Protein chains: 2
Amino acid sequence: MAVAARRKFRREGEERRRQDLIEATLDCVAENGLQGATVRAIALRAGVTAGLIRHYFPGKEELLQAAYATIMGRMTELAKTALATVEEEPRLRLAAFVGASLVPPVIDARTFSLWASFIGRAGSDPALGVAHRAGYLGFRDEVEALVAKVLADVGRKASEGELRRHAIAINAIIDGLWVEGCLAGDMFASGELAEIGIGSVEAMLGLSLRQGDVA
Amino acid sequence: MAVAARRKFRREGEERRRQDLIEATLDCVAENGLQGATVRAIALRAGVTAGLIRHYFPGKEELLQAAYATIMGRMTELAKTALATVEEEPRLRLAAFVGASLVPPVIDARTFSLWASFIGRAGSDPALGVAHRAGYLGFRDEVEALVAKVLADVGRKASEGELRRHAIAINAIIDGLWVEGCLAGDMFASGELAEIGIGSVEAMLGLSLRQGDVA
DNA sequence: GACGTTGTTATGCAAGTGTATAAATATTGC
DNA sequence: GCAATATTTATACACTTGCATAACAACGTC
């Protein structure tokens with residue numbers, strides 16, 4: 001009788017394994033939604049057996065939470081990168097930020113799929129809703145600060161309410177273009193969304209954000 | 001021995017039952033995502049037993065497809081209603097359309113939850129992707145037509161490319177504000193999103209859309 | 001190089017999944 | 001009322017799910 005050989009394996013570092021499991025989870029969710037993220041599918045993709053998951057996480061729920069935290073962190077990280085442009089001049093900074101938010105890697109079908117999969121439950125899961133709100137408000141505050149600097153730079157005064165409205169609107173157009181770019185990127189020429197985004201912000205603020213036009 | 005009494009039931013019309021099952025499915029999906037839409041949960045909510053589902057649909061997959069088609073149809077229906085304003089004057093029509101898209105019932109947490117739950121799989125499921133694209137393009141074409149009328153009305157010429165960009169941008173800001181309104185409606189005053197949306201479109205087109213300002 | 005630790009696999013289990021089938025009853029036409 | 005029909009329930013089945021447990025083997029330590 002041929003005894004089934006026990007599978008060979010390597011011991012990876014703890015942090016490495018955790019990350020691998022999280023990444024495998026994200027892959028599963030991105031491809032087939034939360035439904036596709038079964039412990040067996042995740043383990044298969046991570047190259048381990050299902051039982052190992054419970055060695056690193058109390059349960060599947062906690063693994064999903066860790067995965068959600070990871071994708072949220074990655075998204076805010078991308079947003080920060082978009083914000084951290086080298087430009088000094090306020091208008092150029094704002095333009096660079098909007099533009100960077102509308103090209104890869106921020107525009108990314110996988111990220112969008114993950115966002116949608118998780119956010120779909122923001123209505124019923126309070127923790128998700130709170131997390132979204134925090135991320136959104138943080139993002140909007142950054143936009144508002146950028147806009148305030150731009151307006152100050154050109155010598156325009158804006159009330160608190162005006163600033164708020166500008167931030168909401170700019171945020172919305174970035175989000176809207178982001179969704180479309182992620183869902184159907186091939187419908188737009190390369191850089192077209194960034195172009196449209198910057199142009200729209202210019203129109204909304206009533207001033208040019210680009211070098212050539214700067215007085 | 002007390003024999004378990006067989007459950008009483010009524011025979012409903014075929015179309016009525018189908019609709020009830022679809023509505024129950026949407027309820028389940030909206031509350032707990034596609035995961036929550038098990039045949040038993042759906043049946044429970046519809047007030048029938050699980051087996052009945054297969055009397056009206058070949059399988060669960062087909063029921064989900066019918067539910068998706070329903071929510072998509074309902075969304076385009078809402079969009080059409082927003083378009084079917086009584087206003088005659090092109091600018092007022094555009095403003096009314098934008099405004100109607102940013103208040104209930106278009107702004108609706110349940111609808112958003114359903115949208116997100118299904119659209120999350122648009123990347124992997126080609127049928128979903130195609131459906132979204134068709135809906136989006138139809139919507140955008142309507143916006144483009146509206147904008148064209150507005151510009152013609154004020155005697156401005158716009159190239160095909162300009163029209164396209166305007167439609168994309170207006171669409172994006174509606175979508176972006178819609179998402180935020182659905183996810184965190186309580187963060188905005190009643191009518192604030194509509195106000196911001198219309199104001200942004202005015203800025204983007206460089207003209208007023210409101211009665212008082214019409215020349 | 002043997003040994004103990006523990007990361008990892010393998011196996012099992014109870015609950016839940018979609019589906020198939022048969023039994024039962026509500027409804028229709030007479 | 002009564003039989004015929006097909007909607008609806010009830011039950012069963014094979015499979016998947018997350019989780020528990022025990023056996024195992026890779027690695028550090030002496």
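As the structure is a prediction and not an experimental result, all values here were calculated from the model. Heavy-atom basis, side chains included; hydrogens, waters and symmetry copies ignored. We name chains A, B, ... by the order of the sequence lines, and we start the count at 1 in each one.
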I want to check something: taking the side chain as every heavy atom from C-beta on, are B/I198 and B/L102 in contact at a cut-off of under 4.5 Å? no

Mind calculating the distance between CG (A/L44) and P (D/dG18) to the nearest angstrom? 13 Å

In a table with atom names and distances, give each donor-acceptor pair under 3.5 Å that connects a side chain of residues 50-66 of chain A to protein atoms at least two apart or in another chain.
unit_1	atom_1	unit_2	atom_2	d
A/R54	NH1	A/P58	O	2.4
A/K60	NZ	A/A37	O	3.1
A/E62	OE1	A/G59	N	3.2

Do the side chains of A/E88 and A/R93 get nearer than 4.5 Å, heavy atoms only? no

With a 4.5 Å cut-off on side-chain heavy atoms, are A/T49 and A/R7 touching? yes

Contact list please: residues 12-21 of chain B against DNA chain D, heavy atoms, distance less than 4.0 Å, in numerical order. B/E12, B/R17

Considering just the side-chain nitrogens and oxygens of B/H55, establish if one lies under 4.0 Å of OP1 or OP2 belonging to D/dT8. no

For DNA chain D, which residues of residues 34-41 of chain A approach it to below 4.0 angstrom with any heavy atom? A/A37, A/T38, A/V39, A/R40

For B/A82 and B/S101, which heavy atoms make the closest approach, and how far apart are they? CB-OG, 4.0 Å

Do A/L26 and A/I71 make a side-chain contact, defined as non-hydrogen atoms from C-beta onward lying under 4.5 Å apart? yes

What pattern of brackets, bars and dots sums up DNA chain C from 5' to 3', given Watson-Crick or G-U wobble pairs under 3.5 Å, [ ] for crossing pairs and | for another strand? ||||||||||||||||||||||||||||||

D/dT8, OP1 or OP2 - any side-chain N/O from B/Y56 closer than 4.0 Å? yes

Mind checking the CD1-CD1 spacing from A/I174 to B/I173? Nearest 0.5 Å is all I need. 10.5 Å

Are B/I119 and A/F112 side-chain neighbours, meaning at least one heavy-atom pair lies under 4.5 Å? yes

So A/R11 and A/R16, do their side chains get closer than 4.5 Å, heavy atoms only? no

Pairs in or reaching into residues 11-47 of chain A: which pass ring pair (Phe, Tyr, Trp, His ring centres under 6.0 Å), with residues at least two apart or in two chains? none

Shortest non-hydrogen contact from A/F118 to A/L128? O-CD1, 3.2 Å

B/L52 CG - D/dT11 C1' separation (whole Å): 16 Å

Show which side-chain atoms of residues 135-150 of chain B pair as donor or acceptor with protein atoms under 3.5 Å away, not counting sequence neighbours.
unit_1	atom_1	unit_2	atom_2	d
B/Y136	OH	B/R140	NH1	3.4

Give every residue pair that meets the ring pair (Phe, Tyr, Trp, His ring centres under 6.0 Å) criterion with at least one member in residues 15-52 of chain A, sequence neighbours excluded. none

Filter on ring pair (Phe, Tyr, Trp, His ring centres under 6.0 Å), then keep only pairs touching residues 30-49 of chain B, sequence neighbours left out; what's left? none

Quickly, which of B/R45, B/R17, B/R110, B/R18 forms a salt bridge (charged side-chain N to carboxylate O under 4.0 Å, His left out) with B/E23? Name it, please. B/R110

Protein heavy-atom contacts under 4.0 Å, written 5' to 3' over nucleotides 21-30 of chain D as B (base), S (sugar-phosphate only) or - (none), form the string --BSBBS---

About how many Å separate CZ of B/R91 and CG of B/L205, when rounded to the nearest 0.5 Å? 11.0 Å

Do any side-chain atoms of residues 176-195 of chain A form donor-acceptor pairs under 3.5 angstrom with protein atoms, and if so which ones, sequence neighbours left out?
unit_1	atom_1	unit_2	atom_2	d
A/W178	NE1	A/V106	O	2.8
A/D186	OD1	B/R133	NH1	3.4
A/D186	OD1	B/R133	NH2	3.4
A/D186	OD2	B/R133	NH1	2.9
A/E192	OE1	A/A189	N	2.9
A/E192	OE1	B/R164	NH2	2.8
A/E192	OE2	B/R164	NE	2.9
A/E192	OE2	B/R164	NH2	3.0
A/E195	OE2	A/R210	NH1	3.4

Can you find a heavy atom in the side chain of B/E162 that is under 4.5 Å from one in the side chain of B/L151? no

Of residues 57-65 of chain B, the positions that come close to DNA chain C - non-hydrogen atoms, cut-off under 4.0 Å: B/G59, B/K60

Outer limits of DNA chain C sitting under 4.0 Å from a non-hydrogen atom of chain B, read 5' to 3', are C/dT17 to C/dT27

